[in-house]
Amino acid sequence: MVGHQECTMEEDTRDNYTPKFWRKTLTAPAPFADETSCQCQAPHEKLTIAQARLGTPVDRPVRVYADGIFDLFHSGHARALMQAKTLFPNSYLLVGVCSDDLTHKFKGFTVMNEAERYEALRHCRYVDEVIRDAPWTLTPEFLEKHKIDFVAHDDIPYSSAGSDDVYKHIKEAGMFVPTQRTEGISTSDIITRIVRDYDVYARRNLQRGYTAKELNVSFINEKKYRFQNQVDKMKEKVKNVEERSKEFVNRVEEKSHDLIQKWEEKSREFIGNFLELFGPDGAWFPRVRNQEAAQLDGYDSGSLMKLQSRCQLEDPLPRSLT
């Protein structure tokens with residue numbers, strides 16, 4: 001059979017030819033039980049959990065059964081099936097999925113219909129075979145028909161259909177193997193989130209083209225949701241404009257800061273150069289003093305007297321010239 005197959009045996013030379021089981025790479029969904037015959041041809045002897053954990057029998061896999069509703073199939077479901085699949089070294093996992101009629105009668109309405117739930121299980125990597133319309137309570141006839149060795153489920157008593165624990169007789173027969181629930185995820189939790197945020201999802205699906213009739217939304221609520229969507233769009237536009245404005249202001253501030261810093265650096269450099277050239281100790285000041293002295297040396301006493309009298313008319317002569 002293409003796809004999911006029962007394990008075949010090969011010898012493992014690393015451990016004294018200990019039988020090792022493997023399954024071919026998955027190439028197709030798991031088959032439905034009513035579309036295939038049981039592939040276990042070896043005599044079906046009753047096993048204990050200890051024997052199964054040792055990897056016996058060597059001529060066939062241990063057939064493990066897990067059942068449920070599997071509505072809105074999620075990681076918690078997958079982890080439970082992974083545990084069931086890996087309980088023993090060599091196992092073949094059969095998964096029973098209850099029909100809509102049984103589920104609605106004993107548990108309540110589902111989001112996904114039975115066909116959708118069947119298909120979801122077929123595409124889980126840990127599942128070898130799917131049993132449609134599984135019974136709510138397991139009977140000896142059902143266990144014999146599918147040659148089930150053990151039943152895997154969490155150990156919490158499951159009261160339903162007039163019983164305190166629908167797995168009680170399985171536990172008493174030594175065929176029950178417990179698995180652990182995954183905290184924080186369940187179908188009920190997912191539905192609770194949807195109900196809690198109903199308005200958000202209704203508005204989203206209206207935007208995506210669903211009609212108010214398809215969403216079971218009243219005329220007034222439809223208008224309210226569409227108005228809220230328009231308001232949200234305007235808020236988003238305003239937010240985008242504000243963000244772009246902030247970015248522009250930040251860029252201007254950064255450039256202004258850079259320009260001011262560069263101007264201060266250039267100003268200090270200019271003042272320093274000016275003082276080096278024209279300051280008291282600058283290179284230009286001695287030359288000016290020397291030129292003034294040379295000019296004064298060229299005047300005779302008569303010229304100095306004339307210069308002094310002329311300067312007194314305009315401004316008193318510096319003491320250095322008197």
Can you list every pair that meets salt bridge (charged side-chain N to carboxylate O under 4.0 Å, His left out) and has a residue in residues 94-108, with sequence neighbours left out?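 Every salt bridge (charged side-chain N to carboxylate O under 4.0 Å, His left out) pair that includes a residue of residues 94-108, provided the two are not neighbours, is D100-R117.
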N/O donor-acceptor pairs under 3.5 Å from side chains in residues 173-182, not counting sequence neighbours:
residue, atom, partner, partner atom, Å
T179, OG1, D154, N, 3.3
R181, NH1, D154, OD2, 3.4
T182, OG1, R79, NE, 3.2

Candidate pair L138 and D67, rule side chain to side chain contact (heavy atoms under 4.5 Å, CB included), full reasoning: CA-CA 10 Å; L138 302 179; D67 60 3; 4.1 Å; yes
What distance separates [X] [atom1] from [Y] [atom2], expressed to the nearest 0.5 Å?
X	Y	atom1	atom2	answer
H146	I131	NE2	CD1	4.0 Å
T103	M112	OG1	CE	12.0 Å
Y167	T137	OH	OG1	9.0 Å
D128	L81	CG	CG	10.5 Å
Q83	L93	CD	CG	11.5 Å
D149	I49	CG	CD1	11.0 Å

Please report the shortest heavy-atom distance between [X] and [Y], naming the atom on each side.
X	Y	answer
L206	T211	CD2-C, 4.3 Å
V127	A30	O-CB, 3.5 Å
P61	S91	CB-C, 4.1 Å
Y118	D133	OH-N, 3.1 Å
D164	P157	O-CB, 4.1 Å
Y201	R193	CE1-O, 4.1 Å

Please step through side chain to side chain contact (heavy atoms under 4.5 Å, CB included) for the pair L143 and I170, ending with a clear verdict. CA-CA 10 Å; L143 298 174; I170 302 295; 3.8 Å; yes
Counting only heavy atoms not in [X] (residues, nucleotides, ligands), do more than 12 fall under 6.0 Å from its [atom1]?
X	atom1	result
E183	CD	no
K46	NZ	yes
Y210	OH	no
K224	NZ	yes
E243	CD	yes
N216	CG	no

Same cluster for [X] and [Y] if Ile/Leu/Val/Met/Phe/Trp/Tyr side chains link at under 4.5 Å?
X	Y	value
F106	V111	no
I191	F70	no
Y198	I194	no

Quick one: sort the [X] and [Y] rings into parallel, tilted or perpendicular, breaks at 30° and 60°.
X	Y	result
H74	H77	parallel
Y158	W136	tilted
F150	F88	tilted

Looking at side-chain heavy atoms only, is the closest gap between F109 and D71 below 4.5 Å?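 They are not in contact (no side-chain heavy atoms under 4.5 Å apart), so the answer is no.
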Listed partners of E119 passing salt bridge (Lys or Arg N to Asp or Glu O under 4.0 Å), at least two apart: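 Result, salt bridge (Lys or Arg N to Asp or Glu O under 4.0 Å) vs E119: R122.
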Does the pair T86 and Y126 meet the rule for a side chain to side chain contact (heavy atoms under 4.5 Å, CB included), with working shown? CA-CA 9 Å; T86 56; Y126 310 112; 5.9 Å; no
Verify side chain to side chain contact (heavy atoms under 4.5 Å, CB included) between T110 and L72, making sure each step is shown before the conclusion. CA-CA 9 Å; T110 58; L72 297 176; over 6 Å; no
Between E144 and E141, is there a donor-acceptor pair closer than 3.5 Å when you use the side chain of the first and the backbone of the second?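 Checking the backbone N and O of E141 against the side chain of E144, no donor-acceptor pair under 3.5 Å is found.
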Under-4.0 Å salt bridge between E45 and R60: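 A salt bridge is absent here (no side-chain N lies under 4.0 Å from a carboxylate O).
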